[in-house]
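The structure appears right after this line, and notes come after that.
Labels below follow one simple rule: chain letters A, B, ... track the order of the sequence lines, proteins then strands, and each chain is numbered from 1. These figures come from a predicted structure and were not determined experimentally.
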Amino acid sequence: MKVLVCIKRVPFTGGKMVLAPDAMSLETKHLGFTISPHEECGVEEAVRLIESNKGESVVLTLGPLEAAEQLRDAMALGIDRAIHMQTDGSEWDAGATAAAIVEAIRADEAASGPFDLIFFGNESADSAGFQVGLRVARALDRPCATGLKRVVPADGSVRCEQEVEGGRDVYVLPLPAVVTVREGLNLPRYPSVPGRMRAARKPVATSTPARPKPRLELMRLAVPEGKGKSVQVLGTGPSAAPAVVEMLRKAGVL
Amino acid sequence: MTVLVLMEHGDASMEALTLARKFGAEMHAVRMDAVQPFAPDAVAALLALVADHLNPSAVLAAGTDRGNDVMARLAARTGLPFAANCVVAEPGDQGSLTRLRWGDSLWEIARLNSPRPIITVAPHTFAIEDGPLPSEVDVTPFLTQLEDKDMLVRVSEHVAAAGGGVLLTEAKVVVSGGRGVGSKEGFAIIEELAGLLGGAVGCSRVVTSAGWRPHTDQVGQTGTKIAPDLYIACGISGATQHMAGCRNAKRILAINSDVEAPIMVNADYAVIGDLKEIVPAISAEIRKHLAVLAESPLPGGERA
Ligand SMILES: Cc1cc2nc3c(=O)[nH]c(=O)nc-3n(C[C@H](O)[C@H](O)[C@H](O)COP(=O)(O)OP(=O)(O)OC[C@H]3O[C@@H](n4cnc5c(N)ncnc54)[C@H](O)[C@@H]3O)c2cc1C
Ligand SMILES: Nc1ncnc2c1ncn2[C@@H]1O[C@H](COP(=O)(O)O)[C@@H](O)[C@H]1O
């Protein structure tokens with residue numbers, strides 16, 4: 001079995017969104033970086049599938065040189081090798097991102113055989129376009145189910161469970177297929193020290209695709225205004241309990 | 001001007017309709033359940049066929065799970081760009097729109113360079129306005145044009161949820177715990193308070209990552225989005241990704257040892273100190289209050 005996971009490097013913002021002076025990106029000087037929790041679950045699932053089925057797992061990203069950090073993180077968890085399409089860090093819209101990913105997948109499949117399963121996050125953490133996985137699936141002419149909380153491949157097909165109101169909808173797709181997943185799919189492991197050491201030696205194939213003109217074109221970012229709340233401190237320590245109960249009563253929850 | 005809308009049950013579609021009216025007086029609708037069992041590629045194919053026929057200036061849907069899924073498929077099959085979860089969009093105006101990023105913590109002002117904008121409307125951001133309803137397109141002649149592969153992805157089974165307990169999305173009160181709770185066992189006091197208030201237990205991502213609670217309890221950008229009457233956040237710092245899930249709560253009470261925690265900016269009430277002392281004290285006070293209520297006969301002789 002051969003599986004691919006697509007991930008995107010994003011800043012780990014804290015309690016507040018702060019924009020860069022040109023408002024085209026977030027101010028990231030003091031921030032660490034990560035990937036979406038959805039994609040973390042995709043990485044974990046790919047590692048588990050290869051642990052139990054043998055074969056090869058690959059991680060792919062389109063992003064700046066620094067995104068090598070996220071590829072190493074994925075390989076530290078057990079992914080075998082990486083594909084890094086390097087950019088200068090500027091925004092690529094979803095259509096352009098998908099086209100570049102399709103090209104990389106075609107090249108890899110021509111060299112080392114088809115991917116049975118390709119994992120995406122249901123939506124990226126930052127731009128949340130809800131579409132790259134579906135676009136890639138369409139271009140490759142493969143079936144795709146989205147927002148999955150369970151993915152079980154068996155005998156040439158994959159059973160996919162999607163959370164909906166009142167339960168789960170089940171889709172059964174023939175392989176090869178594309179799936180987009182959500183956090184809750186599994187509980188990702190933490191990287192081990194030996195895992196990190198092995199990751200440092202795993203291969204990363206690089207390329208530098210050209211950025212096409214965006215069709216969903218970012219003009220600027222804005223931080224929505226808060227509700228302008230001002231917090232009322234009801235007290236300090238356990239002695240605040242009567243004031244809390246008074247508030248609960250007034251709010252009609254008691 | 002003609003506009004095509006993908007309609008589902010619920011308020012989100014009525015909100016989408018409110019925005020759609022700006023794009024054209026002549027509104028047509030295709031229903032999400034036009035193909036049974038649900039087959040997202042088939043619905044996208046129908047929309048594409050109907051759009052070829054009616055030549056609408058835009059295609060809109062609600063930014064629900066299914067809305068975003070089907071519209072992305074429509075965009076992929078027609079080779080057009082797609083803007084998910086818009087909060088502002090005007091026809092003309094060089095396709096200028098505003099959409100949500102990072103849950104709903106950041107706005108993107110963008111231009112959709114497209115002859116036919118494909119847009120979903122972010123739920124809970126538009127006030128529903130009364131106005132003309134779209135006419136439903138008779139899809140019968142288009143159904144015959146669907147290809148076999150459009151039916152490949154379809155719902156083949158529905159597994160009902162186990163049930164039991166108060167649902168996070170429906171609870172009027174949610175008592176949520178974060179890293180400050182300290183351990184799996186630490187959640188006993190959170191559960192106790194939630195139980196007394198007839199509410200549900202929630203948590204932050206730190207808690208689910210540590211395995212203290214299941215992911216179904218997680219509130220936030222990649223967890224559940226809720227809007228209870230009261231949200232009690234215990235030992236939660238208030239990261240934007242957490243607030244993306246509870247910002248629509250009517251009231252937020254933060255219990256935190258740090259007066260400077262970011263959650264204070266979003267909270268209505270706060271108690272400062274160690275949640276391990278404060279939460280049990282609140283539960284005890286509620287018990288006292290309930291006992292008094294039970295003792296005092298109400299007018300008319302009934303008991304509360
Ligand atoms: C793409 C992305 C998506 C994410 N999605 C989510 C999501 O859906 N939900 C989510 O929650 N997070 C999400 N996160 C993670 C988020 O950024 C934060 O890391 C997380 O919410 C922090 O959890 P916390 O508040 O419990 O922990 P911390 O940030 O560590 O805060 C702990 C708080 O507890 C207080 N405290 C400690 N001890 C006590 C005590 N004894 N009594 C009282 N107070 C105490 C501290 O003062 C502090 O404010 C996401 C992150 C990313 C990058
Ligand atoms: N730059 C990128 N590199 C690799 N994968 C990406 C990139 N952008 C998006 N993806 C994948 O596509 C998913 C959906 O992204 P989006 O359509 O932007 O919401 C993400 O969760 C990733 O799995």
Side-chain angles (χ1 to χ4, degrees), chain A residues 13-17 36-38 93-95 125-131 134-135 138 143-147 161 166-174 182-184 187 215-224 226 229 231-238 240-242 244-245 247-248 251 253-254, chain B residues 65 68-69 72-73 75-77 81-85 100-102 105-114 152-161 172-173 197 205 211 215-216 222 229-230 237-240 251 262 264-273 277-278 281-282 284-286 289:
Chain A
T13 65
K16 222 168 113 196
M17 295 278 170
S36 161
H38 299 326
D93 75 353
D126 59 345
S127 57
F130 290 84
Q131 57 190 286
L134 284 163
R135 284 186 186 276
R138 176 79 193 173
C144 178
T146 62
E161 295 184 14
R168 286 178 174 211
D169 279 346
V170 181
Y171 299 78
V172 180
L173 312 181
R182 283 215 159 113
E183 189 180 20
L187 188 58
R215 299 187 68 192
L216 179 60
E217 193 176 354
L218 170 66
M219 308 307 288
R220 65 187 170 86
L221 300 173
V223 180
K229 286 184 178 181
V231 66
Q232 181 186 344
V233 176
L234 297 175
T236 302
V244 172
V245 169
M247 181 276 287
L248 295 175
V253 290
L254 258 189
Chain B
D65 289 345
N68 284 330
D69 174 310
R73 289 177 203 261
R77 86 171 33 228
F82 161 47
N85 291 318
L100 299 182
R101 286 190 169 211
W102 284 104
S105 310
L106 191 63
W107 282 357
E108 168 186 351
I109 293 106
R111 197 145 67 196
L112 194 60
N113 300 315
S114 172
L152 202 54
V153 181
R154 62 172 188 279
V155 176
S156 55
E157 191 187 330
H158 178 82
V159 184
K172 293 230 178 301
V173 180
L197 294 170
R205 177 161 188 253
H215 183 266
T216 43
T222 51
D229 289 344
L230 174 68
S237 63
T240 51
R251 297 178 187 80
M264 296 302 169
V265 179
N266 289 294
D268 303 272
Y269 309 99
V271 176
I272 310 303
E277 297 171 5
I278 295 165
I282 295 171
E285 193 68 23
I286 292 173
H289 175 79

Residue selection (most heavy-atom pairs with chain A, distance under 4.5 Å) from [options]:
options: B/P262, B/A72, B/A281, B/P81; answer: B/P81
options: B/D229, B/L100, B/D65, B/V265; answer: B/D65
options: B/E108, B/K172, B/R77; answer: B/R77

Could you look at [X] and say if it's the side chain, the backbone, both or neither that has a heavy atom under 4.5 Å from chain B?
X: A/V245; value: side chain
X: A/R182; value: side chain
X: A/M17; value: both
X: A/V253; value: both
X: A/K16; value: backbone
X: A/A94; value: neither

Against chain A, label B/A75 side chain, backbone, both or neither, depending on which of its atoms sit under 4.5 Å from a heavy atom there.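 When you check distances to chain A, atoms from both the backbone and side chain of B/A75 fall under 4.5 Å.
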Taking all atoms of both residues into account, what is the closest heavy-atom pair of [X] and [Y], and its distance?
X: B/Y269; Y: A/V231; value: C-CG2, 3.7 Å
X: B/A76; Y: A/L134; value: CB-O, 4.2 Å
X: A/P224; Y: B/S105; value: CD-O, 3.3 Å
X: B/R73; Y: A/C144; value: NH2-O, 2.8 Å
X: A/P238; Y: B/E277; value: CD-OE1, 3.6 Å
X: B/A84; Y: A/G129; value: CB-O, 3.7 Å

For B/F82, is there any backbone N or O sitting under 3.5 Å from a side-chain donor or acceptor partner on A/Q131?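 Such a contact is found between A/Q131 side chain and B/F82 backbone.
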In Å and rounded to the nearest 0.5 Å, what is the NE2 to CG distance from B/H289 to A/L254?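 Reported value, rounded in 0.5 Å steps: 5.0 Å.
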I'd like to check B/L106 versus A/V223 (side-chain heavy atoms, cut-off strictly below 4.5 Å). Are they in contact?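 With C-beta onward as the side chain, the pair touches.
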